[in-house]
Number of protein chains: 2
Amino acid sequence: MSAEARHQRLYSELRGRICLLDYPPGTKLGEESLASEFGVSRTPVRRVLARLADEGLVEARHGVGTLVTDVDARELGEVYALREELAQLSGTMTPRPVTQSVLDEARGLVAEGERLAEAPDARAFARLNMAYFDFTQRLIGNEALAEVSERLYFRTARIWLKTISALDLGREIEAFREEMRQVAGALASGDMTAVGMIRRAHISMSFHRLKAALPGSRPAN
Amino acid sequence: MSAEARHQRLYSELRGRICLLDYPPGTKLGEESLASEFGVSRTPVRRVLARLADEGLVEARHGVGTLVTDVDARELGEVYALREELAQLSGTMTPRPVTQSVLDEARGLVAEGERLAEAPDARAFARLNMAYFDFTQRLIGNEALAEVSERLYFRTARIWLKTISALDLGREIEAFREEMRQVAGALASGDMTAVGMIRRAHISMSFHRLKAALPGSRPAN
DNA sequence: CATCCCCAAGATGTGTACATCATGGGGCGT
DNA sequence: ACGCCCCATGATGTACACATCTTGGGGATG
């Protein structure tokens with residue numbers, strides 16, 4: 001396997017573990033232990049950790065360790081506010097044409113949502129949410145916008161997952177299914193502007209529900 | 001000096017050289033030569049080059065070298081289109097309050113623009129443009145938006161500089177001075193929304209002038 | 001018994017030798 | 001003379017030893 005392919009695998013794997021809370025915020029990611037797990041030396045592991053650090057998912061402290069970062073309420077609000085705007089923009093700025101395979105995939109995601117509703121599970125929810133996000137990414141015609149959107153999504157995904165586990169999971173899943181159904185409908189009529197607006201609305205509503213469960217917003221825990 | 005501070009110095013230095021065309025697109029950045037120049041080993045140099053590669057400014061090819069990347073017309077257009085939107089958003093999304101020191105700094109930049117007009121120079125123009133960009137960055141209250149804006153600015157700054165050197169430099173400087181004057185005026189009245197609109201308009205106009213000089217848009221060279 | 005100091009342990013940061021890879025030029029065959 | 005093959009060369013990628021730094025705990029001291 002090529003060096004870049006290994007790097008991507010390692011990166012995706014670690015990013016996934018962080019965002020699925022296998023490594024919750026505060027976890028120490030030992031370079032040596034990761035190196036032995038993946039059968040490589042510390043060097044390529046450090047290359048991946050450096051990238052994760054540049055993206056704000058981990059923080060390397062000399063003499064201490066590389067720790068998964070937390071996200072405070074202010075930063076979370078800023079990222080969500082920007083994601084709202086970008087979601088809307090993704091519907092208006094040179095969207096990709098809606099092909100039949102896109103519609104099929106949208107229906108497939110809605111079907112997955114139905115299965116999820118029958119067996120609610122936070123981790124499965126997170127995975128489907130990522131698959132749906134990846135789907136929306138592929139509708140974006142502007143690569144720079146897609147890159148920025150992805151960066152922001154993964155920056156707060158773990159906090160979202162951590163918080164909805166404390167909320168009513170069933171209600172969150174229902175809201176998510178409603179978003180996917182609405183997006184699928186808008187796609188069927190080829191209205192990408194509406195898709196952007198729908199996504200923006202749901203990001204906004206999701207954040208409003210999130211805020212209620214954030215530390216500091218409730219007097220008692 | 002701490003390790004992170006050295007990293008930042010090296011990163012800023014190399015990014016500056018790339019964006020000021022000391023290292024034009026296609027230049028090979030030898031890890032060994034950079035290491036000896038800065039008096040360190042290849043390891044911290046590689047750490048910086050990896051970051052620059054993640055940001056798209058260089059591309060490391062195994063067995064060949066680490067080359068400064070070029071930006072094709074499509075990508076340039078996408079980045080500029082997104083920068084337009086973000087400039088407008090920076091005026092509407094929780095801008096920072098306009099203090100007296102901000103107004104002083106704006107006047108200082110306008111004065112620098114006057115000096116530049118008296119002695120036109122592409123490199124001095126690029127430096128002042130960066131200082132002005134940094135100034136606008138500090139008006140943004142949303143850190144995520146600021147981070148994304150910076151990423152996109154530096155992604156195409158070298159192409160902008162390369163192209164305006166072929167255009168009428170005096171006219172470009174005049175347009176730039178006009179933007180700074182308009183922004184200074186809007187700041188004096190505390191209208192951040194207007195600042196965002198002005199910046200968006202000038203990014204748009206700058207790109208339209210840029211397109212005319214891009215390879216492929218003219219039959220003969 | 002509380003407190004302070006010191007250092008051992010373990011983590012990331014750095015230096016260096018070696019592995020791997022792409023490329024261009026020289027030499028052999030036709 | 002032309003073309004193909006091979007490999008010397010020099011670049012990035014990897015492994016490992018060592019340097020540097022933070023932290024927490026043990027022991028001397030008041």
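Put simply, B/R61 has no side-chain N or O that comes within less than 4.0 Å of OP1 or OP2 on C/dT23. For A/T66, a side-chain nitrogen or oxygen approaches OP1 or OP2 of C/dT12 to under 4.0 Å.
In the 5' to 3' direction, nucleotides of DNA chain D lying under 4.0 Å from heavy atoms of chain A begin and end at D/dG13 to D/dT22.
Counting any heavy atom pair closer than 4.0 Å across all strands shown, B/L67 reaches no nucleic acid atom. No engagement by B/L49 is indicated, since no non-hydrogen atom pair under 4.0 Å with the nucleic acid exists.
The separation between B/R46 atom CZ and C/dA19 atom P is 17 Å, rounded to whole Å. Between the CD atom of A/E59 and the C1' atom of C/dG13 there is a distance of 16 Å, rounded to whole Å.
The B/H62 side chain lies nearest to C/dC21 when the options are C/dT16, C/dC21, C/dT12.
Using a cut-off of 4.0 Å between Lys/Arg side-chain N and Asp/Glu carboxylate O, B/R15 and B/E55 are scored as not salt-bridged. The pair B/R127-B/E112 does not count as a salt bridge, with every side-chain nitrogen at least 4.0 angstrom from each carboxylate oxygen.
Aromatic pair A/W160/A/Y153: centroids not less than 6.0 angstrom apart.
Between the side chain of B/T43 and the base of C/dG13 there is no donor-acceptor pair of N/O atoms closer than 3.5 Å.
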